[in-house]
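Worth knowing before you read on, the calculation uses all heavy atoms, side chains too, and leaves out hydrogens, waters and symmetry mates. Here the structure is a predicted model, which is why all the values come from computation and not from measurement. Letters go in sequence order (proteins before strands), and every chain restarts at 1.
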Amino acid sequence: MRGFNTLWQPGFDHAGIATQAVVEKELRRQGVSRLELGREAFVQRVWEWLHEYGGVIMHQFRRLGCSLDYERERFTMDDAYVRSVMRFFVHLHGRGWLYRDNRIVNWCSDCRTSISDLEVEHIDVDDALTYARYPLADGSGHLTIATVRPATILADVAVAVHPDDERYASFVGKDVIVPVVGRHVPVIADERVEREFGTGALKVTPGHDPVDFEIGQAHDLPAPSVIGLDGRMTGDIPEKLVGLTEEEASDYVVEWLREEGLLEKRESYRHSVGHCERSGTRIQPLVSLQWWVDMGPMAAAAVEAIESGRVTFHPPVQNRVALDWLTAIRPWNVSRQLWWGHQLPIWYCPDGHVTCAESEPGACAECGSGELARDPDVLDTWFSSALWPFATLGWPEDTPDLRRYYPGDVSSTAREIIFLWEARMIMAGLELIGDIPFSDVIIHSTILAADGRRMSKSLGTGIDPLELIADHGADATRYGLLKMSSTQDVRFSQQPIEEGRKLANKLWNASRLLLLGGVAEVAARPSSVEERWILARIEATRAEVEADLAGFDFSHAVDRLYHLTFDDFCDWYLEAIKPRLQEPDVRATAFEALERLLTLLHPVMPHVTEEIWAQFHDTRLAVSPWIVPDARFGDDLDALASAQTAARIYRRSGVRIKIGGDAERIFDAVVRPAADGRGDVEAERARVRKEIERSERMLANEKFVANASQDVVAAEREKLDQYRAELDALG
RNA sequence: GGGCGCGUAGCUCAGCGGGAGAGCACUCGCUUCACACGCGAGGGGUCGCUGGUUCGAUCCCAGCCGCGCCCA
């Protein structure tokens, strides 16, 4: 409508973990495991599943009447997209930012893969805090530590205390004996120890705790593992514990401590524990060999882009959120032990040399060996999603689309996606294209279920937009969603959608009033006051709506359109012209006003406005020009004020005040007063006198007049004048 | 543990320094020739609590009580 060449890019990511989990679950129901099936066949099954169930979202978009460029639908697993992902990976490798390392990761024993920090959800859990005594090797006493995970005692390699903790100063440098396994380990000093937690002495288990891993690295300690990838006990531990769950092993350890007199106490303890966002399984921090990306340099560029305002988040507080994360960014674990996704473009030869290439190399880059095995891992889904703004446009080729549509303007998403996706799109865009992917990021509200819980499939709290469309109509659903939109999370309610349905209905009926008399045959020549007034109202609303939309304030935009339609257009304008509706000039202006109203409403309610438009046009509203600013009748914006005041008084009390002229004529047409409606004039006078008193009292306050802004004082004086005029009119 | 935000009419939410608002729900009156899926009127709120700043506080500040989210 405004003549811009815009692209709204449709498509999907492949949702690695989630998709694999769903298909695996289905297989299990059929009594097949993915291991039996084999990698190739499994991936084939995922594609089949996608073909069956994919397309739902696009169907929903179409039904909502969203103007996406549907022919350009893209998928992160498309061949062309895969090439972009490989290019990105090889690029990072060439930069030296990609490395393989044994580090502690968030392991989900249910999904059987590592996950990134951002896929971990912290939930408060009630646990027991176990206080265990570690005897000193020299027999001179003991040290007590507190732990919520007694089973990990088996993997302890040290006990750490804070360097400034006087209680334990004399212990540092001595050895203690780890219960159950009998290992002699040193007492070390490290600033990462929280003195206030437990006894202030920390058992150090680098194999199963992120902080301990850091301490272990700093002190050059080993990181033995006693819990395997399957969540079962393993490693250098007593035979009878092998294969137990962590919980069973903990019970054994606690019992052992009790019998040996080393159990000091157990107390209940509530703390937050990481869980896998997908499976809900408690995260097992463990050390494994994974691929990592050093994000420092890319994050610095993104920080610059946001601080300089080249990329702006809305609402503005979110700029800070993004910056805080970017400035404290940590290495990104990008490898996943899954089958569904982009397999790492990494090949190993028998000598362990690593070859990184976009497509399968013929020989090892280092030794020329032809015996190459590809790394079985796939990439984090977000690794590919980060390329969305340009991979969808043909990058790494230099395509016309890429030149025309990159960088884009707006990306809209929920809060929890800021780090996962937005920040990474910005980083990838700056790194690979040398420019930001978009200038504005809208962080919209999350619509909660009516009871305040999150909408989710597993809770059964979700709502299918297709049902809303079936019940209320697509235009009503669009209106309702826009009305609900906010920077604050909102509870879902049918009411705003129902409001939209009423608006569509009202618009339809108002149009019918005009169309019933046939289409106007002359050009509009607005002459009467109500005609100039409605055009002024529409013009004012146009400017306000444009400002709202520019600020991404959709809720206020649709609210204005609702009141313009109901209050101004229907209740006053149409009622005012009704007596003269047969006059060609009146009809001509009415159609002019209706055209403008339909145009303003079209982005919100494309279906009903297009249908009405078709009743008196051969063109399509969707491609008709937007309203151009029209200041002709600006002076008439408040022209109906006196008639509206008279109406309020009459409808409330039955008292008619004297107004005269056009106002009188409009009043009669709109209000249609009874022949000699006679109300309680004295009560009305009393009401107005009260207002006058209030106003006079305020203006008599010297401090108010002296301190309040001139505008406020002037506005108060004007109100006083109006009330005095009203009192006069009451006779 | 760190950070952000929210508590306004029965419900869902606007307003964020000058007389408390919208839609829905509720009550009453209208079959008025576009719409009863409508029109008009009305009832309903110590704007979470306690202090402070100000001529003036729902709005700014502090503390408390509830609730939510993000991060570790």
- Query: Is any side-chain heavy atom of A:F213 less than 4.5 Å from a side-chain heavy atom of A:T205?
  - Reply: no
- Item | Touch class at under 4.0 angstrom, heavy-atom based, for A:R672 against every strand present | base
- Query: Can the ring centroids of A:F197 and A:Y269 be said to lie less than 6.0 angstrom from one another?
  - Reply: yes
- Task: Scan A:S695 against the nucleic acid and name what it touches under 4.0 Å (heavy atoms): base, sugar-phosphate only, or nothing.
- Result: nothing
- Message: Between A:E726 and A:R685, is the salt bridge (Lys or Arg N to Asp or Glu O under 4.0 Å) condition met? List the steps.
- Response: CA-CA 9 Å; A:E726 214 177 289; A:R685 282 202 197 104; over 6 Å; no
- Task: Just call it for A:R330: base, sugar-phosphate, or nothing, with non-hydrogen atoms closer than 4.0 Å on any strand.
- Result: sugar-phosphate
- Atom CD of A:E416 to atom C1' of B:G5: distance rounded to whole Å? 15 Å
- Base, sugar-phosphate, or nothing: which does A:I417 touch, judged by heavy atoms less than 4.0 Å apart? nothing
- Whole angstrom is fine here: how far is it from CG in A:L448 over to P in B:G5? 18 Å
- Would you indicate what A:V490 reaches in the nucleic acid, counting non-hydrogen atoms under 4.0 angstrom: base, sugar-phosphate, or nothing? sugar-phosphate
- Message: Between the base of B:C69 and the side chain of A:R415, is one N or O donor paired with an acceptor at under 3.5 angstrom?
- Response: no
- Query: Got a donor-acceptor pair under 3.5 Å from the side chain of A:E498 to the base of B:A25?
  - Reply: no
- Task: Tell me what A:Y723 touches on the nucleic acid: a base, only sugar-phosphate, or nothing, going by heavy atoms under 4.0 Å.
- Result: base
- OP1, OP2 of B:U12 versus side-chain N and O of A:R491: anything below 4.0 Å? yes
- When you check the phosphate oxygens OP1 and OP2 of B:C33, does a side-chain N or O of A:K578 lie under 4.0 Å from one of them? no
- Message: If I pick the C1' atom on B:A57 and the same atom on B:C61, what distance separates them, to the nearest angstrom?
- Response: 11 Å
- Task: Report which part of the nucleic acid A:F419 touches: base, sugar-phosphate, or nothing (heavy-atom distance under 4.0 Å, all strands).
- Result: sugar-phosphate
- A:K690 bridged to A:E693 by N-O distance under 4.0 Å: no
- Starting at atom CG of A:D489, determine the distance to atom P of B:C69, rounded to an integer number of angstrom. 9 Å
- Query: How is A:H563 classified with respect to the nucleic acid when contacts are heavy atoms under 4.0 Å: base, sugar-phosphate, or nothing?
  - Reply: sugar-phosphate
- Message: Nearest whole Å is fine: how far is B:C70 P from A:Q488 CD?
- Response: 13 Å
- Message: Say we look at B:G56 and B:G18: how far apart would their P atoms be, to the nearest angstrom?
- Response: 15 Å
- Task: Establish, with yes or no, whether the OP1 or OP2 oxygen of B:C39 is under 4.0 angstrom from a side-chain nitrogen or oxygen of A:K506.
- Result: yes
- Of the candidates B:G23, B:G42, B:C55, the side chain of A:N707 sits closest to B:C55
- Query: Contact class for A:S272 (heavy atom, under 4.0 Å): base, sugar-phosphate, or nothing?
  - Reply: base
- Query: With a 4.5 Å limit on heavy-atom distance, are the side chains of A:R596 and A:L535 in contact?
  - Reply: yes
- Message: Once side-chain hydrogen bond (donor to acceptor under 3.5 Å, both in side chains) is applied, do any residues pair with A:W332, and if so which ones, sequence neighbours excluded?
- Response: A:D380
- Message: Please determine whether any donor N or O and acceptor N or O are separated by less than 3.5 Å between the side chain of A:Q495 and the base of B:G23.
- Response: yes
- Query: Can you tell me how far C1' of B:C71 sits from CD of A:E422, to the nearest Å?
  - Reply: 18 Å
- Message: Could you tell me how far apart A:D680 (CG) and B:A41 (C1') are, to the nearest whole angstrom?
- Response: 16 Å
- Query: What is the distance from CZ of A:F566 to P of B:A34, rounded to the nearest Å?
  - Reply: 17 Å
- Please work out if A:D324 contacts a base, only the sugar-phosphate, or nothing of the nucleic acid, heavy-atom cut-off 4.0 Å. nothing
- Message: So that I can tick it off, tell me whether A:R717 and A:E696 are bridged by a salt bridge, with the cut-off set at under 4.0 angstrom between side-chain N and carboxylate O.
- Response: no
- Assign A:E575 to base, sugar-phosphate, or nothing according to its heavy-atom contacts below 4.0 angstrom with the strands shown. base
- Looking for any heavy atom pair under 4.0 Å, which part of the strands does A:R320 touch: base, sugar-phosphate only, or nothing? nothing
- Query: Taking CG from A:L503 and P from B:A22, how many angstroms apart are they, rounded to a whole number?
  - Reply: 18 Å
